[in-house]
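Below is one structure, written out as structure tokens; comments come after it.
The structure displayed is predicted, hence computed values, not measured ones. Labels below follow one simple rule: chain letters A, B, ... track the order of the sequence lines, proteins then strands, and each chain is numbered from 1.
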2 protein chains.
Amino acid sequence: MKSVTVYDIAKEANVSVATVSRVLNNTAPVKKETRERVKELIDKYQFQPNALARSLIKKETGMIGIILPDITNPFFPEVLSGFDQEARKKGYTYFLCDTVSANADDAEQYVRESQYLNVLAEKQVDGIVMLGGRIDLAKPGKELVEEVVDVGKRLPVLLINGRIPGAGLPAVASDERFGAELATTHLIELGHRKIALVGGYRHMSNTVQRTAGFTKTMERYGLEVRKEWLLHDGFSVDSGTAFMDRLLRLPDRPTAVFCLNDLVAIGVLKAAVKAGLKVPQDMSIIGYDDIPFASYSIPELTTVSLRAHDLGRTAAEILHKMITKSKVPKTTLIKPELVIRESTGAPAPH
Amino acid sequence: MKSVTVYDIAKEANVSVATVSRVLNNTAPVKKETRERVKELIDKYQFQPNALARSLIKKETGMIGIILPDITNPFFPEVLSGFDQEARKKGYTYFLCDTVSANADDAEQYVRESQYLNVLAEKQVDGIVMLGGRIDLAKPGKELVEEVVDVGKRLPVLLINGRIPGAGLPAVASDERFGAELATTHLIELGHRKIALVGGYRHMSNTVQRTAGFTKTMERYGLEVRKEWLLHDGFSVDSGTAFMDRLLRLPDRPTAVFCLNDLVAIGVLKAAVKAGLKVPQDMSIIGYDDIPFASYSIPELTTVSLRAHDLGRTAAEILHKMITKSKVPKTTLIKPELVIRESTGAPAPH
DNA sequence: ATGAAAGCGCTAACAA
DNA sequence: TTGTTAGCGCTTTCAT
């Protein structure tokens, strides 16, 4: 079934396509009478202008691409909801580009990112926001960087919580060191002296930054950062239980553990409970991210909120400015917040 | 900065645009030598063909729209990941259209759905899949139905877990009654006789179907369905704790509660623990959906898996068939599965 | 206030 | 094997 076009409307209304276009876009005065005639036809045929044709000439599509690693990781929907809220308000529609790979193969993930970067450019999106993946790397490879920089030259590209060394790409980022300081200070002020840090990946910049914030704070208070209490390479629940099991087997245990994300904290919590420990009486646990589940667990998780929603919302705001060629700050920092719930408390006196 | 077009490539390669198009799409034989010359230029300029122009003439965009209520509800990312996997394999990119409204206003949500339906049609998506929202209604209003039916006439529209009465729109759906039977039977076989059903909304078809499955099973076993143990109107964690608080105040308490989704089950669990009950010894709790959190809680939640990932994957498969004009079944039913974990057990003998 | 006509960047007959 | 040309459906000068 053929779809109706401006020509069909124009012909039946005895006007030119230009006029139809004018009433469609309110782009020039049209005689009231003619306008109504045209509007009636539009209604009658449920005419929907072809956005492709329009975009082809106007050089703007109202489409955005958002590239992220894995929508089933509860952190991302939170960011997305903020992004959605603002983007919708500005009239954008967006492609969700999930780069997760079945076998958790990083290389494959980067390939996906590259593919999406291309597809999005071909589809003529007005802008792209990236989060996770290669931009989380502490030191990304040469080609990975170059690709993004190249795309960034052709259209607005904004980074959330990541960076591409050398490229002048604008970014919205969480103040990672500050967040880690928040968590560490909280534990210390509660009276903890023996604090473990678990989770994250050493090749990821968030991990190195949070670890730095932790270490710095410990040192500031003259506390020792013990090698055997520093367990990296894992962001999942399972890795969390594994970390805790390791910690539990140690002759000298920490009294508190700072987990580099909430998923790990959940795993740590599960392992602690299974081992018969009471949280927070026997062991304090603090997470990072403040995913929704953090407030669902028993006990509810104390954590550091990344303010994911704000991150997303801000990103949409800034990307819009980039698209409309307004000036934007190189980096917009979002301050994390400490969210004290039930999983942290004073250490048991002994 | 002007982008390069087929003309630029053609001119510099001393060929016609047709030839460039041919090497781009492998749509006709091109002399090896010419092909390479063209390819080199494409590479040199990092030429990316304009998908808008291509789609305008080919009448296919490789774009799909997916309309859903709220990406922060953990059920949807799960569906989406399955959908993504299959859609990507087939070469589609998709718009994520979240219709959540800040103030949880249903009417506003339906307005959003309508807007997206229009926008997607204008953007010439190859197909649309809807889940949640109006299609979850037990009896949706006339205009809500009509709109979808109209769009369905113009392009492929597929429903996940919902229906539009009267419209012959294909659907992929979970067998809700079966799922409820699964849960109820599990509880009964464990020895429970006094079972509560909480959660859901009476105006939603999933709720009426699950409730029907529950009631039918209870009757089959000659068990009584008590009015005061039937608590509806809520799908959130908070509503779950409220439901449980109500139940706990009753002189005659149930020994098990069947929650119409996992979020409610989490709330119920929290309230039970807070009240000093041991789960499952003092109270069995079973959820519905099997969101990731279900296996994170302590104790881990027994639940009914909707097989969200499969739902999404199947939807993408079927939508693709619709787009390519293959025959598709009117309704594809996905059988839920019982997932036994730790929150259900035999009732305490008294 | 309105119309004619020239594209936007690409594909696909149709010729050669 | 390659080129010419006519659109796809719309917006937008430039006339009138």
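- To the nearest angstrom, C1' of D:dT2 lies 19 Å from NZ of B:K32.
- Residue contacts for B:T34: at a heavy-atom cut-off of 4.0 Å it reaches the sugar-phosphate backbone alone, with no base atom in range.
- A:E317 and A:R313 are joined by a salt bridge, as a carboxylate oxygen and a charged side-chain nitrogen come within less than 4.0 angstrom of each other.
- Residue-level contact check: B:T5 touches the backbone only, with heavy atoms under 4.0 Å from sugar-phosphate atoms and none from bases.
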N/O donor to acceptor pairs below 3.5 angstrom from side-chain atoms of residues 56-71 of chain A, sequence neighbours left out:
{"unit_1": "A:T61", "atom_1": "OG1", "unit_2": "A:M63", "atom_2": "N", "d": "3.2"}
{"unit_1": "A:T61", "atom_1": "OG1", "unit_2": "A:Q124", "atom_2": "O", "d": "2.9"}
{"unit_1": "A:T61", "atom_1": "OG1", "unit_2": "A:D126", "atom_2": "OD1", "d": "3.3"}
{"unit_1": "A:D70", "atom_1": "OD1", "unit_2": "A:T72", "atom_2": "N", "d": "3.0"}
{"unit_1": "A:D70", "atom_1": "OD1", "unit_2": "A:T72", "atom_2": "OG1", "d": "2.8"}
{"unit_1": "A:D70", "atom_1": "OD2", "unit_2": "A:T72", "atom_2": "OG1", "d": "3.1"}

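- In this structure, A:F95 has its ring center no closer than 6.0 Å to that of B:Y94.
- As rounded to whole Å, 11 Å separates atom P of C:dC10 from atom CD of B:Q48.
- Here A:N50 does not reach the OP1 or OP2 of D:dC8: none of its side-chain N or O atoms lies under 4.0 Å away.
- For the pair B:E122 CD and D:dC8 P, the computed distance is 20 Å after rounding to whole Å.
- Within the structure, salt bridge (charged side-chain N to carboxylate O under 4.0 Å, His left out) pairs that include any residue of residues 10-27 of chain A comprise A:E12-A:K44 (at least two apart or interchain).
- A close approach under 4.0 Å does not occur between any side-chain nitrogen or oxygen of B:S55 and OP1 or OP2 of C:dC10.
- Out of C:dG3, D:dG3, C:dC10, the shortest distance to the side chain of A:S16 is found at C:dG3.
- Between B:L52 and B:T27, the one whose closest nucleotide on DNA chain C sits nearer the 5' end is B:L52.
- Across all strands, B:V20 comes closer than 4.0 Å to no nucleic acid atom at all (heavy-atom distances).
- Under 4.0 angstrom from either OP1 or OP2 of C:dG9 there lies at least one side-chain N or O belonging to A:K59.
- Over its length, the helix from C:dA1-D:dT16 to C:dA16-D:dT1 turns its helix axis by 40°, as judged from the five terminal pairs at each end, rounded to 10°.
- Take the nearest nucleotide of DNA chain D for A:L56 and for B:R35: the residue whose nucleotide is more 5' is B:R35.
- The A:V17 side chain lies nearest to D:dT11 when the options are D:dT5, D:dT11, D:dC8.
- Considering only side-chain atoms of A:N25, the nucleotide from C:dG9, D:dT11, D:dG3 that sits closest is D:dT11.
- Closest to the B:K31 side chain, of the nucleotides D:dT1, C:dG9, C:dA4, is D:dT1.
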Kindly indicate, with the supporting measurements, whether the criterion side chain to side chain contact (heavy atoms under 4.5 Å, CB included) is fulfilled by B:L144 and B:V148.
CA-CA 7 Å; B:L144 294 183; B:V148 181; over 6 Å; no
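- Of the two residues near DNA chain D, A:Y7 and A:R22, the one whose nearest nucleotide lies more 5' is A:Y7.
- To the nearest 0.5 Å, atoms SG (A:C97) and CZ (A:R112) are separated by 12.0 Å.
- Rounded to an integer number of Å, the gap from A:N26 CG to D:dT12 C1' is 16 Å.
- Put simply, NZ on A:K58 is 11 Å from P on D:dT13, counting in whole angstrom units.
- Among the heavy atoms of the strands, none lies under 4.0 Å from A:D8.
- With respect to A:F47, the side chain to side chain contact (heavy atoms under 4.5 Å, CB included) criterion is satisfied by exactly one of A:L41, A:L24, A:D8: A:L24.
- Look at CD on B:E36: it is 16 Å from C1' on D:dT1, rounded to the nearest Å.
- Salt-bridge annotation for B:E86 and B:K89: present, with a side-chain N of the basic residue lying under 4.0 Å from a carboxylate O of the acidic one.
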